[in-house]
Amino acid sequence: MLQEDEQTRHDEPPGPGLRTALEAILMVVDEPVAAITLAQVLERPRDQVITALRELSAEYTVTGRGFDLREVAGGWRFYTRDTCAPLVERFVRDGQQARLTQAALETLAVVAYRQPVSRARVAAIRGVNSDGVMRTLAARGLVEEAGSDPDSQAVLYRTTSYFLERLGLRDLDELPELAPFLPDDVEGLEDQR
Amino acid sequence: MLQEDEQTRHDEPPGPGLRTALEAILMVVDEPVAAITLAQVLERPRDQVITALRELSAEYTVTGRGFDLREVAGGWRFYTRDTCAPLVERFVRDGQQARLTQAALETLAVVAYRQPVSRARVAAIRGVNSDGVMRTLAARGLVEEAGSDPDSQAVLYRTTSYFLERLGLRDLDELPELAPFLPDDVEGLEDQR
Amino acid sequence: MAGVTEKRAKEPADVFQVRLEVFEGPFDLLLGLISKRKLDITEVSLHQVTDEFIAYIRARGPEWDLDQTSRFLLVAATLLDLKAARLLPKGEVEDEEDLALLEARDLLFARLLQYRAYKEVAKVFSGRLAAEALRFPRLVPMEARFAGLLPVVLLGIGPEEFAKVAARAFTPRPKPTVSVEHIYQPLASVRDQAAILVDRLRLVRSATFRALVADCEGTYEVVARFLAVLELFREGVVAFEQAEALGELTVSWTGADDGDVVVADDYDDDPRPAVGDPALAAGPARDDPGGIPGNTSSNHDE
């Protein structure tokens, strides 16, 4: 920490070092902040900022801090460490999140991999009407409307950034591959009905 | 840090060490917490908790962290370090937080028409947890605390004069009637849940 | 819904006793039965699974609405087709009917595999959600000295819009509505279907109804084609042969070898004919009992 500040002091104006500044800013945010935003405010190259964030995160983990710095939903943010969950729960009123039903999880999975997708399409894949479940997911902020299909006029749905947060994903690319679970030539089958 | 965990491991159940637990809790509490409260939850002597808090605070200062642990008004809370204030200010001022999200707007609307109202009631009406949004609204000066409910002791919220200003209204009586926008028989429905 | 297990006390214990789990639709049930038998999807022992599938539908049938039941029945019908086909002697000529059955089987299994894939990733989701629930993000009000610097809030709407937002919030969310937006009416004209039938029957002279509808895009088209067969019968250009009630229906061409055959258009004139996919028909939308927002609100009371 101090060492890094020492090294960079030669070629930059006096002030807090990069890591110190990052820690300070992330202390006041209430949503994930993109590395590029931090880089712009701190007037540093994005790569340098990302490296510093990763180093901080690794340091917190190695030294067993109660907090953790993680990249989720396209941004960086302080979290509590999972091992402290039982203690933290006593202070966080809204800690308890209702569990999703199997129906909700399946519907969420189809939307995540097929977005933007209509309710009829989801129903075709799951083999059951999924309208009620979709409304629940929308009310929970996990999916949202994403325009309508030009042909059928059906409302399309996609996952939200809150969905990424809840799953602890950086972005949709981090979703596990569907392919290993699928045989060949299944894509688009539901269209053949 | 690790050393302290090592030392205490002999006479306590497995789990995070005292400092780790304190860091985790203080990272998410939204107001200063008294040492005695922390001591009770962690089931540790108050003196031991205070010592740990002071040690953590000193360590953050010595190692030049961007955050600071301070005792203010009888409670402990994480703050940004003073030397980083200019950077944090720039970040806050340049932030793209000017527009309210749909969730925030909806929460604000519920408070406006139901004030004074508790967070639980707002959550019941909206069908989703609204605590985080309510904090954002309070931070933006759009809502404020208005005492507590005599029965449940829950904190109540109301809109501020800044809110009226932003909406271009002189007083709350100028809020448009809800009735024309509501389907029949909806008023008071949320009470039945 | 999932995991709920109930016993049907009404069934006489000596005849039939099943512990009925509630499944998420026909694919879920089929997968459940296949895995219970420890069978591979691609080599399912159809006679075992089909019987259990039918037994399940029979046991639960009265509890379902039309929409739900029709989806189960569609799968059941396919399974029965496949089971019936296996009872026939093997090694015969691969006629159209056989091909249609093979296609139906492949399609059913492919869709089953697809559903299973989503079910698998749903498990991954569940695990991630559970792990993530142990980590709490920092969500605290901004320090007073910085809060004042926040850019001016942009509400972006006037009082009128604001009232509408409020009204929307106060309108109960999980209201049971008849959802119609997904009924996009894939119209199948009876007249067009009749034209297809005329061409085909003039060529092959005689075919089972099953073979005649093998290329149909969906249930709505099967229905339209069936109506077309009836219309052709009324025109006196086809004859039927059916050994027993509900048995195989064979349609033979008895009309002229050329010339136009136009059927009446009783159905096609209706602007919204009742020839829609019954599986997509509007029914009261159901809410998943475990996921009604009202249920969740009690979880974050103060």
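Values below: every heavy atom of this structure, side chains too, minus hydrogens, waters and symmetry copies. These figures come from a predicted structure and were not determined experimentally. Within every chain, numbering begins at 1; the chains are lettered A, B, ... in the order of the sequence lines, protein sequences first and strands thereafter.
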For [X] and [Y], which heavy atoms make the closest approach, and how far apart are they?
X: A/Val28; Y: B/Val92; answer: CG2-CG2, 4.4 Å
X: B/Ala24; Y: A/Gly66; answer: CB-O, 3.4 Å
X: B/Leu87; Y: A/Pro16; answer: CD1-CG, 3.7 Å

Quiz prompt | Interatomic distance, A/Arg90 atom CZ to B/Leu42 atom CG [nearest 0.5 angstrom] | solution = 7.5 Å
Quiz item: Is the count of non-hydrogen atoms from other residues, nucleotides or ligands lying under 6.0 Å from B/Arg70 atom CZ greater than 12?
Solution: yes
Self-check item: Whether over 12 other heavy atoms sit under 6.0 Å from B/Glu177 CD
Solution: no
Quiz item: Would you say B/Arg65 and A/Leu56 make side-chain contact, with heavy atoms under 4.5 Å?
Solution: yes
Quiz item: Does A/Phe91 reach the side chain of B/Leu38, with side-chain heavy atoms less than 4.5 Å apart?
Solution: yes
Quiz item: In terms of the angle between their ring planes, are B/Phe67 and A/Phe67 parallel, tilted or perpendicular, with boundaries placed at 30° and 60°?
Solution: perpendicular
Self-check item: Proximal component of B/Val41, with respect to chain A [non-hydrogen, under 4.5 Å]
Solution: both
Quiz item: Which members of residues 73-83 of chain B, sorted by number, sit under 4.5 angstrom from chain A on a heavy-atom basis?
Solution: B/Phe78, B/Tyr79, B/Thr80, B/Thr83
